[in-house]
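Comments concern the structure below.
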Amino acid sequence: MSPNQETQAAEKIYLPRTSESETLKKIRHTASHIMAMAVQKLFPKAQVTIGPWIENGFYYDFDNPEPFSDQDLKAIQKEMVKIINRKLPLVREEVSREEAQKRIERIKEPYKLEILADIKQEPITIYHLGEEWWDLCAGPHVKNTKDINPKAIELESVAGAYWRGDETKAQLQRIYATAWETPEQLAEYKRRKAEALRRDHRKLGKELGLFIFADPVGPGLPLWTPKGTLLRTILEDFLKKEQLKRGYLPVVTPHIARVDLFKTSGHWQKYKEDIFPLMAEDAEAAAIEQGFVLKPMNCPFHIQIYKCELRSYRELPMRLAEFGTVYRYEQSGELGGLTRVRGFTVDDSHLFVTPEQLDNEFLSVVDLILTVFRSLQLKNFKARLSFRDPASDKYIGGDEVWNKAEGAIRRAVQQLGMDHVEGIGEAAFYGPKLDFIFSDALDREWQLGTVQVDYNLPERFDLEYVAEDGVRKHPVMIHRAPFGSLERLIGILIEEYAGDFPLWLAPVQIRLLPVGEAQIDFTKEVVAKMLALGIRAEVDLSGDRLGKLIRNAEKDKIPLMAVVGVKEVETNSLSIRTRASGELGVITVDQVVDKIQGVINNFSNF
């Protein structure tokens with residue numbers, strides 16, 4: 001079997017997430033107990049805290065005097081295999097709170113006492129591994145350790161973690177691990193993990209010179225280099241052009257505003273902890289929460305533009321659009337390259353429509369999002385109807401407006417015949433959403449485009465328009481962002497393409513490689529012609545041998561390379577080589593230019 005066939009065969013192995021498989025949930029929950037038992041057998045001074053499953057495995061947090069080494073992980077995994085092979089039963093026991101407390105005090109496990117205090121229901125449930133080890137737990141578990149395949153488990157890494165996620169409390173050691181039903185699943189998981197490292201946008205972003213992070217600036221605040229800025233600009237210009245064709249009106253709003261603006265919208269009350277601290281003039285202003293904040297959202301600003309004058313029904317729908325940078329005070333432990341940052345730019349738009357216009361405008365927004373996905377060559381996505389959880393108190397507005405908004409989204413997906421799932425509890429606090437969940441080349445899910453229906457903010461801000469009958473009415477708002485966060489989108493695209501951007505999106509589309517000094521003037525003339533026609537071209541003037549010129553262009557993931565020798569100068573041609581298809585032969589300069597322009601206009605490949 002060839003390597004390519006092996007890859008194709010491996011990709012057929014389905015790797016469910018823990019939340020999708022009750023079997024994996026039991027395996028991983030049990031494996032975390034087995035790991036804790038193994039750790040305490042090998043390291044008697046280690047105290048256990050919590051050990052939940054996560055979507056691709058599980059972890060357990062330990063308080064141990066010495067840091068765990070790679071050799072320690074190997075020893076722990078070896079001990080886990082021994083425990084599994086002993087075929088120990090998992091036994092559930094119910095005890096009173098008092099009995100649980102006595103047992104914990106007897107084994108001197110203070111963290112378990114804190115966990116016990118947080119358990120509200122009674123009786124208290126305990127799971128035993130044979131007769132040697134137990135923990136407070138609600139399950140679920142396999143019936144016996146023999147139900148776990150020891151060859152389908154792997155301990156992966158150790159990381160620091162604070163108890164309760166509070167940096168003022170004890171620092172623990174978190175051992176991450178994974179467990180599967182079969183060794184084949186584990187092998188496929190490890191293959192995907194290695195591929196994820198190869199595609200890691202943080203690594204590729206540095207190698208391709210797209211963005212950096214700098215300690216003096218601060219975590220979660222990316223700095224965009226010229227090539228990265230060019231990539232952002234290409235994406236922005238693409239969407240701005242598409243929006244102008246569809247009747248969107250560009251606006252620009254400030255980066256800060258009075259906190260009262262976000263009190264009216266509800267963002268301050270709902271997300272105060274996620275907003276950067278208040279900038280108050282003095283202690284008295286701070287005490288009454290008066291001052292300015294960095295904006296966490298763009299919508300209240302667009303609302304003010306709408307509200308600056310009384311609107312007529314003839315002006316609606318009004319579609320205001322902005323690439324607006326917002327700021328969220330994410331915890332440092334939650335930051336991750338471009339996919340989780342503290343300052344990010346949203347391709348935000350807010351549509352103010354009459355109730356009668358809602359359905360058609362919603363469908364038009366979905367059409368725009370699908371156009372964006374096609375142009376970016378993103379095909380593997382599903383629609384999620386993100387609705388409120390009626391049992392939750394985090395939402396604003398009454399049942400009537402929520403039912404109207406959710407009804408509009410349901411009608412849209414039904415009319416479009418879109419496959420969809422419902423995500424109860426995933427709505428924004430002011431309205432339901434239609435989210436587009438993209439699965440990347442490694443089967444990881446990301447939320448990209450989103451469109452939301454909102455009856456609540458127009459009421460909270462007392463927005464009005466004069467209807468055809470002369471009566472003042474509230475408009476309906478549609479919030480939409482085909483890209484979502486521009487930073488997150490670029491991070492996802494880098495990994496999806498593995499750095500090989502399609503020609504229309506590549507910061508450098510073609511690099512000319514002169515064989516010698518005699519060809520430099522010609523290559524400069526060709527590059528100047530291409531630049532004048534909007535083609536992003538450059539020439540390699542390093543003077544290296546041709547083989548190295550080609551290798552450097554390959555390393556920089558340039559889509560097109562053009563070798564220029566004596567014959568090419570004489571015939572006004574270029575010897576074209578592509579990363580995707582290899583050598584294409586000698587083609588006249590005019591033909592190359594025409595072909596590149598056609599590919600760019602059609603978002604296709606050369």
Side-chain angles (χ1 to χ4, degrees), residues 217-222 248-311 315-316 318-331 340-353 393-397 401 427-431 433 450 452-465 472 474-481 484-487:
V217 175
L221 299 169
Y248 284 81
L249 305 173
V251 297
V252 177
T253 62
H255 291 252
I256 66 171
R258 295 185 187 278
V259 69
D260 288 349
L261 182 69
F262 301 104
K263 289 180 181 178
T264 302
S265 69
H267 291 101
W268 183 253
Q269 296 89 323
K270 295 288 182 181
Y271 302 115
K272 182 178 178 179
E273 298 304 317
D274 298 321
I275 298 175
F276 273 90
L278 179 71
M279 294 176 279
E281 291 185 3
D282 50 41
E284 183 180 349
I288 59 173
E289 293 189 332
Q290 291 297 312
F292 290 81
V293 292
L294 289 170
K295 65 175 177 181
M297 291 284 185
N298 294 304
C299 38
F301 294 82
H302 294 185
I303 285 172
Q304 295 304 308
I305 293 175
Y306 175 90
K307 195 178 180 180
C308 70
E309 58 184 271
L310 181 61
R311 308 292 178 177
E315 297 177 72
L316 306 185
M318 177 178 286
R319 311 175 187 95
L320 303 181
E322 173 183 22
F323 276 85
T325 300
V326 298
Y327 304 88
R328 309 279 175 82
Y329 193 37
E330 303 283 4
Q331 296 300 309
R340 195 75 178 266
V341 290
R342 286 175 168 168
F344 56 94
T345 303
V346 183
D347 56 323
D348 237 340
S349 179
H350 297 91
L351 291 72
F352 302 86
V353 306
D393 61 357
K394 76 174 185 177
Y395 305 102
I396 60 174
V401 294
F429 74 91
Y430 49 77
K433 306 182 291 176
T450 184
Q452 307 164 9
V453 177
D454 177 12
Y455 283 83
N456 283 305
L457 290 188
E459 291 188 10
R460 289 177 74 92
F461 281 95
D462 195 25
L463 302 186
E464 293 181 328
Y465 69 95
R472 294 190 180 191
H474 290 306
V476 184
M477 280 182 68
I478 298 176
H479 307 241
R480 54 106 279 206
S485 158
L486 191 56
E487 283 74 10

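Quick note: numbers below take in every heavy atom, side chains included, and nothing from hydrogens, waters or symmetry partners. Just so it is clear, the structure is predicted and the values come from calculations on it, not from any experiment.
Closest approach of Ile396 to Ser265, counting heavy atoms only: CD1-O, 4.4 Å. Across all their heavy atoms, Val293 and Ile275 have their closest contact at CB-CG2, 4.2 Å. Minimum interatomic distance between Ala481 and Val346 (heavy atoms only, all atoms of both residues): CB-CG1, 4.0 Å. For the pair Arg472 and Leu310, the tightest heavy-atom approach, listed with the atom from each and the gap, is NH2-CD2, 3.5 Å. When all heavy atoms of Ser485 and Phe344 are compared, the pair lying nearest together is OG-CB, 3.7 Å. When every heavy atom of Cys299 is checked against every heavy atom of Leu457, the shortest pair comes out as SG-CD1, 4.4 Å.
The CG atom of Asp454 sits 6.5 Å away from the OH atom of Tyr430 when rounded to the nearest 0.5 Å. Atom CG of residue Leu351 and atom NE2 of residue His302 lie 11.0 Å apart, to the nearest 0.5 angstrom. Rounding to the nearest 0.5 Å places CZ of Phe262 at 7.5 Å from NE2 of His267. His255 NE2 to Thr325 OG1: the interatomic distance, rounded to the nearest 0.5 Å, is 5.5 Å. Put simply, CE on Met279 and CZ on Phe292 are 8.0 Å apart, with the number rounded to the nearest 0.5 Å. Atoms CZ and CG, on Phe461 and Leu261 in that order, are 5.0 Å from each other to the nearest 0.5 Å.
For the pair Gln269 (side chain) and Lys263 (backbone), a donor-acceptor distance under 3.5 Å is present. Lys394 places no side-chain N or O within 3.5 Å of a backbone atom of Phe429 that could act as its donor or acceptor partner. Although no hydrogens or angles enter the test, the distance criterion places no donor-acceptor pair under 3.5 Å between the side chain of Asp348 and the main chain of Gly324.
Across Val353, Val453, Ile303, a single residue satisfies side-chain contact (heavy atoms from CB on, under 4.5 Å) together with Met477, and that is Ile303.
Looking at Gln290 and Leu278, their side chains never come closer than 4.5 Å, going by heavy atoms from C-beta outward. Between Arg342 and Phe276, some side-chain heavy-atom pair lies under the 4.5 Å cut-off. With a 4.5 Å cut-off on side-chain heavy atoms, His479 and Met297 do not count as touching. With a 4.5 Å cut-off on side-chain heavy atoms, Asp462 and His474 count as touching. At a threshold of 4.5 Å between non-hydrogen side-chain atoms, the residues Tyr329 and Asp274 do not count as touching. Annotation: side chain of Glu289 is in contact with side chain of Trp268 (closest heavy-atom distance under 4.5 Å). No side-chain heavy atom of Gln304 sits under 4.5 Å from any side-chain heavy atom of Thr253. Taking the side chain as every heavy atom from C-beta outward, Tyr271 and Pro296 never approach each other to under 4.5 Å.
Taking the six-membered ring where tryptophan is involved, the planes of Tyr306 and Phe352 are essentially parallel, since the angle between them stays under 30° and well short of 60°.
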- Query: Hey, mind stepping through Arg319 and Leu249 against side-chain contact (heavy atoms from CB on, under 4.5 Å) and telling me if it holds?
  - Reply: CA-CA 6 Å; Arg319 311 175 187 95; Leu249 305 173; 5.8 Å; no
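Within a 6.0 Å sphere centred on CD of Glu315, heavy atoms belonging to other residues, nucleotides or ligands number more than 12.
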